[in-house]
2 protein chains.
Amino acid sequence: MLVFIGLGLHGEGISLRGLREAREADDVYAELYTSMLPKLRLDELEQTIGKPIKVVDRETIEQHPNEILQAAKAGKVVFLVPGDPMVATTHVDLRLRATKAGIETKIIHAASIASAAAGLSGLQSYKFGRTATVPFPDNPSQVPYETLVENRERGLHTLLLLDIRAKEGRAMLASEAIEIMLGLEKKLQKNAFTSDTLVVVVARAGSDDAIVKADKVGRLQKLDFGSPPHVLIVPGKLHFVEVEALRVFAGAPEDAIG
Amino acid sequence: MLVFIGLGLHGEGISLRGLREAREADDVYAELYTSMLPKLRLDELEQTIGKPIKVVDRETIEQHPNEILQAAKAGKVVFLVPGDPMVATTHVDLRLRATKAGIETKIIHAASIASAAAGLSGLQSYKFGRTATVPFPDNPSQVPYETLVENRERGLHTLLLLDIRAKEGRAMLASEAIEIMLGLEKKLQKNAFTSDTLVVVVARAGSDDAIVKADKVGRLQKLDFGSPPHVLIVPGKLHFVEVEALRVFAGAPEDAIG
C-alpha cells in the first residue's frame, strides 16, 4: 500500500490521522521539492513518527520510482508531501503508476496554500478564479497575466503562486514576482497589473511569523517580506466585508482600497 | 487570544500544531454547523486535547459572540472549525469582531474540501474555476449553473458543494444535487449539465470509505453513494493525464470520457 500524506504548511502541519498512518508504515519517504516548509525539522518529525525518513528528489520520483513501488508492493509505504498531496501533478503520476501496478493507494489530506492564503487575507475563497504560477524569467510565460485578466473580467480574485527551484535553493520573492508581472503588463497592456493595482502579499502562510499585507503594487514592491514562501493575491470585485478584512487583517491603506 | 483551528475533513484531521495550541488553551469551543465531519468523535477529541469542548451553534457565533470574545480577552481561547477555518464567511466576521475588540487572532490551517476533492479525482487543482454551492430547492439559485457555464466556457473544472442544514440534520446528497442541476438546465438551456454530461461524485472525502465515481449524469443519478457529505465536480477540458486519472481512480467508463 502507498499512502500519500500531506504535511500542510508548517513543520507541525501533518494531521493526527497522517501521523497514525506514518507510525504504522514499514517505510517512510518524503519529498521537499514541490513546495517549501520553512519550519519543518526533519529530525523532530522522525522522532514524532518514530522511524527514519528517506528524502527523495524529483528525479527519483519521476524517473526511478521503482524503489518506492517495490516497497509499496511488499508492505505499507508512506510518502510525505508538502501541502495537500495531490496538488502537484508529479504525485498524480506516481499514484497512477502505483494503481496500475496493483498497489492500493490512499490520500491523507492537509492544508493547502490556496485555501490558507485566501483565509489569511479575509477574502472569500468561493470568489477566487483559476490559480496560476509565476515562473522564473529564464522560463517566461504569459499564463499568470492572462489568467489574471480572465479572472478580473469576471470580478474574481486571483491567487498567484511563485516558482520554486528546490535544487538551487531558490524560491521567488514577492518583489521578483511583482517585477515579472509589471513586465507582462508593459508587454500585454490590459491594465490588470500596474503600480496602482491593489495586491495582497502573503508570506510564510501557516507559520507563526506569517505576514499579510495589502497595498498598491508600487508600494509593496519596496517592502521586504522576509524569507519565502511568498504568494500574491490580486483581488477582483470586493464585497464590503472583504474591504473591511483587507483593512483590518492586511493593513490596507484607504487610498489602495478606495 | 482567539485561535481558529481547522479540524480538516476527518475525525483526526486536526494538525499537530492545532493539537498543541488546543492543549495550551484556557477554553475550547467548536462549531459543527458549517460542514459535516462524519468520523468526528467529540469525546475522543476531548480526551486527546485533555479538556472539555463547548459546542456552539450558528446563533451563538453570529448574534451572541460575547461569551467567546470575553473569554478570549481574558485568556487563550481555541475555536475548532470543520475544514480550513476561514472558508466560511461567518468566521471572518468573528475574527473581525475580535480584532476590533483588541484581541489577537491566529489561524491554524487544515485540509479543505476544495483541494481534497480535486486531489481525490486526479483532476488538476489549478484548472478549477470558481466554486459554487447548490442550495436546497426551497431557497433556489441559478448561481451554481451560471458558474458552471462560465467555467466551461473557459475549459475549467467546476466544484459544486452541496448545501447543509445542520440544525435539521440534513445534508444534500449527490442525487438531489443532480436533480436540481438538471432542473436548472431545463430552465436555462445552455447545454452545461445534461444526462450525458461527465460528472465526478466525491462522497466522504478524507474518510477511509471515501467514494470517487466518474460517469454520465444519467447513470450517476441512479447510484447510492452512502452517507454525506457529497460534492460534485463537473470537468472542463481534460488533459490526457486527467482522462487517465478519471479512468483509474474514478472508474470512468470509456463512453463517458470519450
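Throughout, a chain's letter reflects where its sequence line sits, starting with A, and its residues are numbered from 1. Both backbone and side-chain heavy atoms feed into the values below; hydrogens, waters and symmetry mates do not.
For the set B:R154, B:H10, B:H239, the count of heavy-atom pairs under 4.5 angstrom toward chain A peaks at B:R154. Contact tally against chain B (heavy-atom pairs below 4.5 Å) for A:H157, A:M86, A:Q124, A:R95: the top residue is A:R95. Comparing B:G6, B:G119, B:A111 by how many heavy-atom pairs each has under 4.5 Å with chain A, the most go to B:A111. Looking only at heavy-atom pairs under 4.5 Å with chain A, the residue among B:K127, B:H91, B:E12 that has the most is B:E12. Considering only heavy-atom pairs separated by less than 4.5 Å from chain B, the leading option among A:G13, A:S15, A:A210 is A:S15. Put simply, of B:L159, B:T147, B:L16, the one with the most heavy-atom pairs under 4.5 Å next to chain A is B:L16. Of the listed residues (B:I107, B:T105, B:L123), the one with the most heavy-atom contacts under 4.5 Å to chain A is B:I107. Interface summary for chain A: among B:V241, B:T89, B:L9, the most heavy-atom pairs under 4.5 angstrom belong to B:T89. The greatest number of non-hydrogen atom pairs below 4.5 Å with chain B, out of A:D93, A:T48, A:N151, A:L120, is found for A:L120.
Without hydrogens or angle criteria, B:R130 side chain to A:L156 main chain gives no donor-acceptor distance under 3.5 Å. When atom types are taken as modelled, the side chain of B:R17 and the backbone of A:G206 share a donor-acceptor pair closer than 3.5 angstrom.
The environment of NZ in B:K190 is sparse: at most 12 heavy-atom neighbours from other residues, nucleotides or ligands sit within 6.0 Å. Atom NZ of A:K51 has more than 12 neighbouring heavy atoms from other residues, nucleotides or ligands inside a 6.0 Å radius. Applying the 6.0 Å contact sphere to CD of B:E104 captures no more than 12 heavy atoms from other residues, nucleotides or ligands.
For B:K106 against A:D208, the heavy-atom pair with the smallest separation is NZ-OD1, 3.4 Å. The heavy-atom pair separating B:L96 from A:A245 by the smallest distance is CD2-CA, 4.0 Å.
Contact of B:T133 with chain A is not made at all, since no heavy-atom distance falls under 4.5 Å. At a 4.5 Å heavy-atom cutoff, B:S121 makes no contact with chain A through either its backbone or its side chain. When heavy atoms are compared at a cutoff of 4.5 Å, B:F128 approaches chain A solely by way of its backbone atoms N, CA, C and O. Looking at B:A116, the atoms closer than 4.5 Å to chain A (heavy atoms on both sides) sit in the backbone and in the side chain alike. Interface remark: B:E242 contributes no atoms to any contact with chain A (heavy atom separation under 4.5 Å). At a 4.5 Å heavy-atom cutoff, the contact between B:I14 and chain A is made by backbone and side-chain atoms alike. Only the side chain of A:S125 has a heavy atom closer than 4.5 Å to any heavy atom of chain B.
When side chains are defined from C-beta on, B:V92 counts as touching A:F249, because their heavy atoms get closer than 4.5 Å.
The existence of a salt bridge linking B:K100 and A:E244 is confirmed by a sub-4.0 Å separation between a basic side-chain nitrogen and an acidic carboxylate oxygen.
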